[in-house]
Amino acid sequence: MAHELPKAYDPTAIEDHWAAYWVRERLFEQPTPAAGERLDGKSFVILLPPPNVTGRLHMGHMLNQTEMDILTRWRRMGGDRALWLPGTDHAGIATQMMVERQLAAEGASRQQLGREAFEARVWDWKRHYGGAILEQMKRLGVSVDWSREYFTMDERLSVAVREAFVRLYHQGLIYRGAYIVNWCPRCQTAISDLEVTHEEQKGHLWEVRYPVLDLAGKDTGESITVATTRPETMLGDTAVAVHPDDERYKHLHGKKVRLPLMNREIPVITDEWVSRDFGTGAVKVTPAHDPNDFALGERHHLPKINVMDETAHINSEGGAYAGLDRYVARKKIVHDLEAQGLLAAVKDYTNNVGHCDRCKTVVEPRLSTQWFVKIQPLADRAIEAVEKGYIRFTPENYKKIYLNWMANIYDWCISRQLWWGHRIPAWHCAVCGKITVPGLGTTGDPKECAHCGSGEITQETDVLDTWFSSGLLPVSVFGWPKIDETNRADFDAFYPTTLLVTGFDILFFWVARMIMLGCWFAPDIKMPDGSDRPLAESVPFREVYIHALVRDANREKMSKTKGNVLDPIEIVSKYGTDAVRFTLASMASPGTDIAFNVARTEGYRAFANKIWNAARFIFRNVDKAAEAGVIVDRSALGGMPTVADDAPLEDRWIIDAIQGVSARVNDSLKEYRFDEAASYIYQFFWGSFCDTYIEIAKVRLDFSNEPTKYQIKAALSVLISVLEASLRLLSPFMPFITEEIWQQLFEGSPPERSIAHARYPIIEIGRIGAAIGEKDSLIRQMDRLLTLKTELLSLRKELGVEEKMSTPIVLGCPPKLQESIERSRSWFFRLAKVSEIEYDQSAGTNHPELKWRFGSDFVVAVVYNKPNDVAADRERLMKEIAKLEKQLVSGERDLANPNFVSSAPAHVVDGRKKLVAETRVLLEKARAALAALPPE
RNA sequence: GGGCGGUUAGCUCAGCUGGUCAGAGCGCCUGCCUUACAAGCAGGAGGUCGCAGGUUCGAGCCCUGCACUGCCCA
């Protein structure tokens with residue numbers, strides 16, 4: 001059967017086909033191990049960071065997924081039990097907002113709909129639009145196990161969420177209380193510290209006079225000036241605080257002041273926390289609207305007056321300002337203060353203002369009753385797991401960042417005032433007011449109050465922070481909390497997972513929470529042998545690889561407002577998935593952001609085209625050979641290519657090269673050096689295989705003459721085995737094109753259903769060690785030939801020899817090189833465009849009319865009767881001599897230095913000696929050549 | 001304010017525990033439609049490794065200071 005490949009590579013023609021094939025054939029499913037099946041420990045388990053159901057694929061996803069896919073495919077081909085588990089996150093706020101917008105367009109609201117109908121509506125939305133991002137992922141060819149796809153609100157995951165809450169509650173690690181939280185007036189919910197982004201903003205610092213009162217409550221005429229950036233909060237002031245040692249205010253200790261506008265008497269208190277240097281050294285205290293003031297209020301038992309409602313409008317506690325938006329109120333208050341002569345000063349001030357991560361609204365610190373996780377006990381284990389090395393970070397510096405954050409962690413506010421999410425499993429009693437949380441391991445909802453027995457209980461309306469459920473994923477996807485003898489196979493086989501690949505932006509949101517929750521709950525599950533699970537086996541993953549941010553070509557962060565967002569799907573349809581994947585891989589060096597440049601992608605599309613055409617060339621010759629009765633054996637393909645010891649130099653050279661590149665690629669991938677691995681393959685395939693080996697092989701594939709079948713067959717079997725191994729090597733990076741060519745290579749009967757099930761080229765250590773000395777000299781001979789070829793072509797260019805013309809050369813070189821040349825005569829003559837060689841040991845010193853080139857062990861000239869450009873030659877030689885002299889001087893200085901000779905390692909000294917000797921020879925030759933030039 | 005990175009060719013970036021490390025791709029120049037590929041082939045030019053000190057026989061690599069720049073946390 002003849003192969004048919006179009007001349008130019010067209011990714012769109014093949015990618016959809018294979019993407020669908022992989023899913024349809026269920027090639028990447030990793031079944032639950034059968035009971036009693038031996039777990040050999042060679043497993044690779046990785047969890048996809050679940051994208052939001054509302055999400056669309058962006059470049060960050062694509063980088064993340066490309067890296068995970070490369071690793072998963074690589075380990076799968078390496079023989080591991082590989083499982084990559086996909087799913088989506090219900091994304092509380094984001095999804096709720098999406099559906100609310102939809103409702104708004106219809107002139108409705110969730111309040112009109114009511115909670116249940118609204119939830120049904122969101123589910124509906126999810127069923128219709130929620131899978132979009134997963135469909136996009138399929139287009140990228142990700143090798144995930146679709147049979148295990150989850151959604152964080154799935155029944156079984158919801159069970160886990162409820163159980164986690166219940167356990168933590170009964171362990172005394174969940175409490176409810178009124179604290180200052182970050183309140184988003186737009187989303188109308190509390191958000192965690194992590195969901196607040198701080199931005200510098202120019203604003204004002206208002207200084208306000210609070211009149212000091214005497215014991216009778218009358219103005220003394222004196223006043224105390226406080227500074228504030230949020231004057232509207234003064235409506236809720238319940239004290240003024242000064243530093244106890246501040247001499248300016250000592251006489252006011254214990255006195256009272258009149259709160260302007262509200263005409264409330266509030267005390268002057270003293271507290272060490274007050275900074276004497278900030279503003280006037282006196283601060284207003286608003287316990288219900290500032291976390292520091294809240295702490296102050298607790299210490300001094302101050303009343304906490306909340307003056308704002310959920311939408312950040314002043315409430316009834318705000319007197320005359322009730323009903324005003326916070327910023328309207330601010331203006332009016334400033335105006336009124338000024339009118340009353342109580343505004344002492346207005347200063348420009350830049351401060352950090354918190355914004356809602358989701359909607360960018362300015363966050364209002366606000367007193368509110370919320371649910372919290374007492375985090376320290378969980379954090380302690382999470383710290384231990386990392387400090388003891390049970391979880392390793394790459395790059396390593398994230399370990400420090402993680403530990404630093406963990407050491408300064410605050411209790412986690414887990415309640416959200418949303419309707420979409422896991423509703424908190426706690427019931428309030430209308431009679432006694434106490435809270436009932438179901439017992440451990442129970443399933444049904446409680447029917448009566450656990451404290452007074454009343455049946456008048458209603459479930460908490462708040463839902464849990466989305467990260468509470470995603471933080472449980474590593475345990476919950478494998479069946480926790482229902483792990484018993486009958487269903488523990490998944491957990492035994494796949495927990496802990498091997499690796500987590502993610503961006504640093506969710507290091508705290510997600511990675512840290514998974515570590516805390518995993519280390520907290522997994523120890524409840526016994527090890528397969530029945531022993532207690534140690535912390536080292538409780539971690540949710542053993543390694544974390546943190547990748548960089550994808551920026552645009554100008555290193556700008558991609559953002560919708562800037563309009564510089566690159567849509568991966570758009571680029572993929574233009575250049576092909578393989579090219580985009582390769583771009584990301586080749587730029588993914590740890591620690592640095594990726595400036596995504598399509599110029600680079602163009603280059604890798606060209607690379608794909610190169611691979612395509614190399615295959616075309618080889619296939620065409622295989623077909624031609626078949627016509628001539630030469631059948632190339634394909635049965636031995638699939639391993640590491642080898643070659644007989646008496647094979648031609650170039651065969652041994654290319655085989656050695658692919659063995660070497662395999663070893664390097666494997667090493668690089670072990671260290672997540674996608675960039676290195678990609679570059680090795682690229683250099684090898686394009687440089688060594690296509691530009692050198694195939695060009696050489698063409699000489700042997702000459703069907704026009706009386707065919708030497710043995711020669712053609714030998715050449716073809718090297719070509720095809722190197723191609724086939726290269727495809728496997730490249731497959732994790734470029735799964736589509738490699739699959740297509742690989743399938744064609746086997747002409748419809750491949751040894752596996754997919755190249756993804758073939759074995760990755762890995763060289764066994766023992767074999768590479770054999771005959772290494774001989775191999776070394778072999779490679780050196782080949783390198784010499786190639787260097788000589790380049791020198792000759794360069795010389796020809798300088799002389800202006802026509803491209804098509806071959807010329808005689810004169811060459812002086814050692815016998816060994818001469819022997820290699822003679823043995824490789826057929827291709828060497830063709831590639832170096834040589835018609836005949838005159839070997840001459842005195843080359844370079846005679847024939848002054850020739851233009852000589854010299855290497856460390858050869859002197860060569862192209863015989864071509866064109867007058868030399870003496871001036872240009874002289875310039876080139878002088879430049880070269882200068883360079884060599886510099887090199888020689890520095891080398892000789894080292895060798896003359898007794899310290900160098902005694903303290904540097906032997907191989908360095910030897911290397912330096914060799915270099916100096918070589919430089920001397922070259923210098924001598926260059927000087928001779930210069931002297932031989934005719935005078936100007 | 002605290003912490004962590006970065007500064008290497010025109011551009012984007014590699015460069016391991018100091019010693020054949022001054023590299024790659026793109027771009028640029030010159031010549032080629034050579035038995036796959038012009039998305040190609042061949043040959044070439046281009047850098048005092050941010051600045052100033054120091055350690056060392058030896059410094060893009062280690063130390064100190066400075067400059068510029070990015071990020072995280074308060």
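Residue numbers start from 1 in every chain, and the chains themselves are labelled A, B, ... in the order their sequence lines are given, proteins ahead of strands.
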Discussion item. Is there, by distance only and without an angle test, a donor paired with an acceptor across the side chain of E695(A) and the base of A36(B) below 3.5 Å?
Written reply: yes
Worksheet entry | Nearest-angstrom distance, P atom, C63(B) to C4(B) | 12 Å
Worksheet item: With respect to the side chain of Q683(A), which nucleotide from C26(B), G25(B), A36(B) is positioned closest?
Response: G25(B)
Discussion item. Distance criterion of 3.5 Å, no angle test: do you see the side chain of R830(A) paired donor-to-acceptor with the base of U35(B)?
Written reply: yes
Item to complete: Assign T790(A) to base, sugar-phosphate, or nothing according to its heavy-atom contacts below 4.0 angstrom with the strands shown.
Response: sugar-phosphate
Item to complete: For A59(B) and G54(B), measure between their C1' atoms and round to the nearest Å.
Response: 11 Å
Discussion item. How many whole angstroms separate atom CG of L795(A) from atom C1' of G44(B)?
Written reply: 13 Å
Item to complete: Counting Watson-Crick and G-U wobble pairs only, both distances under 3.5 Å, name the nucleotide matched with G31(B), or none.
Response: C41(B)
Discussion item. Is the phosphate of A42(B) approached by K833(A) (side-chain N or O, under 4.0 Å from OP1 or OP2)?
Written reply: no
Worksheet item: Using atom C1' of each nucleotide, how far apart are U17(B) and C72(B) to the nearest Å?
Response: 29 Å
Fill in: C41(B) phosphate, OP1 or OP2, under 4.0 Å from W686(A) side-chain N/O
yes
Item to complete: Cation-pi check, R700(A) to W827(A): give yes when NZ or CZ is under 6.0 Å from the six-membered ring centre and within 45° of the ring axis, no otherwise.
Response: no
Item to complete: Could you let me know what C66(B) is paired to, Watson-Crick or G-U wobble, both distances under 3.5 Å, or none if it's on its own?
Response: G50(B)
Worksheet item: Has R700(A) got a side-chain N or O lying under 4.0 Å from the OP1 or OP2 atom of U35(B)?
Response: no
Worksheet entry | Audit row: L895(A), V916(A), side-chain contact (heavy atoms from CB on, under 4.5 Å) steps and yes/no | CA-CA 9 Å; L895(A) 290 177; V916(A) 164; 3.8 Å; yes
Item to complete: Determine the contact category for R616(A): base if any of its heavy atoms lies under 4.0 Å from a base atom, sugar-phosphate if only primed atoms, P, OP1 or OP2 are that close, otherwise nothing.
Response: sugar-phosphate
Discussion item. If you assign K789(A) and K624(A) each to the RNA chain B nucleotide with the nearest heavy atom, which residue ends up on the more 5' nucleotide?
Written reply: K624(A)
Worksheet item: In whole Å, what separates the C1' atom of C49(B) from that of G6(B)?
Response: 14 Å
Item to complete: Starting at atom CD1 of I741(A), determine the distance to atom P of A36(B), rounded to an integer number of angstrom.
Response: 17 Å
Discussion item. Can you tell me how the ring of W612(A) sits relative to the ring of Y9(A), calling it parallel under 30°, perpendicular over 60° and tilted otherwise?
Written reply: tilted
Worksheet item: Charged N to carboxylate O under 4.0 angstrom, E695(A) versus K789(A)?
Response: no
Discussion item. Using atom P in both nucleotides, what's the gap between U7(B) and C41(B) to the nearest angstrom?
Written reply: 31 Å
Worksheet item: Which nucleotide, A39(B), C57(B), C72(B), lies nearest any side-chain atom of N899(A)?
Response: C57(B)
Discussion item. Applying the Watson-Crick and G-U wobble criteria at under 3.5 Å, what pairs with U55(B)? Answer none if nothing qualifies.
Written reply: none
Worksheet item: Which is true for Y604(A) with a 4.0 Å heavy-atom rule: it touches a base, it touches only sugar-phosphate, or it touches nothing?
Response: nothing
Worksheet item: For Y682(A) and E791(A), take the nucleotide of RNA chain B holding the closest heavy atom to each; which residue's nucleotide lies nearer the 5' end?
Response: Y682(A)
Worksheet item: Rounded to the nearest Å, what distance is computed from the CD atom of residue E676(A) to the C1' atom of nucleotide C21(B)?
Response: 14 Å
Worksheet item: Taking the side chain of K797(A) as its heavy atoms from C-beta onward, which of G25(B), G43(B), C4(B) lies nearest to it?
Response: G43(B)
Worksheet item: NA contact type, D691(A), heavy-atom cut-off 4.0 Å: base, sugar-phosphate, or nothing?
Response: sugar-phosphate
Response to the item:
Between CG of D10(A) and C1' of A36(B) the distance, given in whole Å, is 17 Å
Practice prompt. Tell me what S679(A) touches on the nucleic acid: a base, only sugar-phosphate, or nothing, going by heavy atoms under 4.0 Å.
Written response: nothing
Discussion item. If I pick the P atom on G27(B) and the same atom on G65(B), what distance separates them, to the nearest angstrom?
Written reply: 43 Å
Fill in: Glycosidic conformation of G60(B), taking syn as within 90° of 0 and anti otherwise
syn
Fill in: Side chains of R600(A) and N597(A), donor plus acceptor under 3.5 Å
no
Worksheet item: Does any donor-acceptor pair link the side chain of K698(A) with the base of A36(B) at a separation under 3.5 Å?
Response: yes
Worksheet entry | Residue matched to C71(B) through Watson-Crick or wobble contacts both under 3.5 angstrom | G3(B)
Discussion item. What is the separation between atom CD1 on I546(A) and atom P on G5(B), rounded to the nearest whole Å?
Written reply: 15 Å
Item to complete: Using only heavy-atom distances, determine whether the side chains of T807(A) and S835(A) contain a donor-acceptor pair under 3.5 Å.
Response: no
Discussion item. Among A39(B), A36(B), A24(B), which nucleotide has an atom closest to any side-chain atom of R605(A)?
Written reply: A39(B)
Item to complete: Taking only the side-chain heavy atoms of F900(A) (C-beta and beyond), determine which of C37(B), C57(B), C72(B) contains the nearest atom.
Response: C57(B)
Response to the item:
L793(A) has its side chain closest, among A36(B), G40(B), G43(B), to G43(B)
Worksheet item: Can you tell which of G44(B), U12(B), A39(B) lies closest to the side chain of S794(A)?
Response: G44(B)
Fill in: ring pair (Phe, Tyr, Trp, His ring centres under 6.0 Å) partner of F582(A), chosen from F685(A), Y604(A), Y575(A)
Y604(A)
Worksheet entry | C26(B) to C66(B) separation - P atoms, rounded to the nearest Å | 41 Å
Worksheet entry | Listed nucleotide nearest any side-chain atom of F508(A), set G19(B), G43(B), C72(B) | C72(B)
Item to complete: Return the value, rounded to whole Å, for the distance between atom OH of Y693(A) and atom P of C37(B).
Response: 20 Å
Discussion item. Can you tell me if K7(A) touches the phosphate of C33(B), counting only side-chain N or O atoms and a distance under 4.0 Å to OP1 or OP2?
Written reply: no
Discussion item. Using whole Å, what does the distance between atom C1' of nucleotide G6(B) and atom CZ of F504(A) come to?
Written reply: 14 Å
Worksheet entry | A42(B) and G60(B), which share atom name P, separated by this distance in whole Å | 33 Å
Worksheet item: With no hydrogens and no angle check, is any side-chain donor or acceptor of D578(A) less than 3.5 Å from a backbone partner on F736(A)?
Response: yes
Item to complete: Report the nucleotide, chosen from C4(B), U34(B), G25(B), that has the shortest atom-to-atom distance to any side-chain atom of K804(A).
Response: U34(B)
Discussion item. Does the structure place the NZ or CZ of K698(A) under 6.0 Å from the centre of the six-membered ring of F617(A), at an angle of no more than 45° from the ring's axis?
Written reply: yes
Response to the item:
To the nearest angstrom, the CG-C1' distance between L403(A) and G3(B) comes to 14 Å
Discussion item. Suppose we define a pair by two distances each less than 3.5 Å, Watson-Crick or G-U wobble; what does C26(B) pair with here?
Written reply: G10(B)
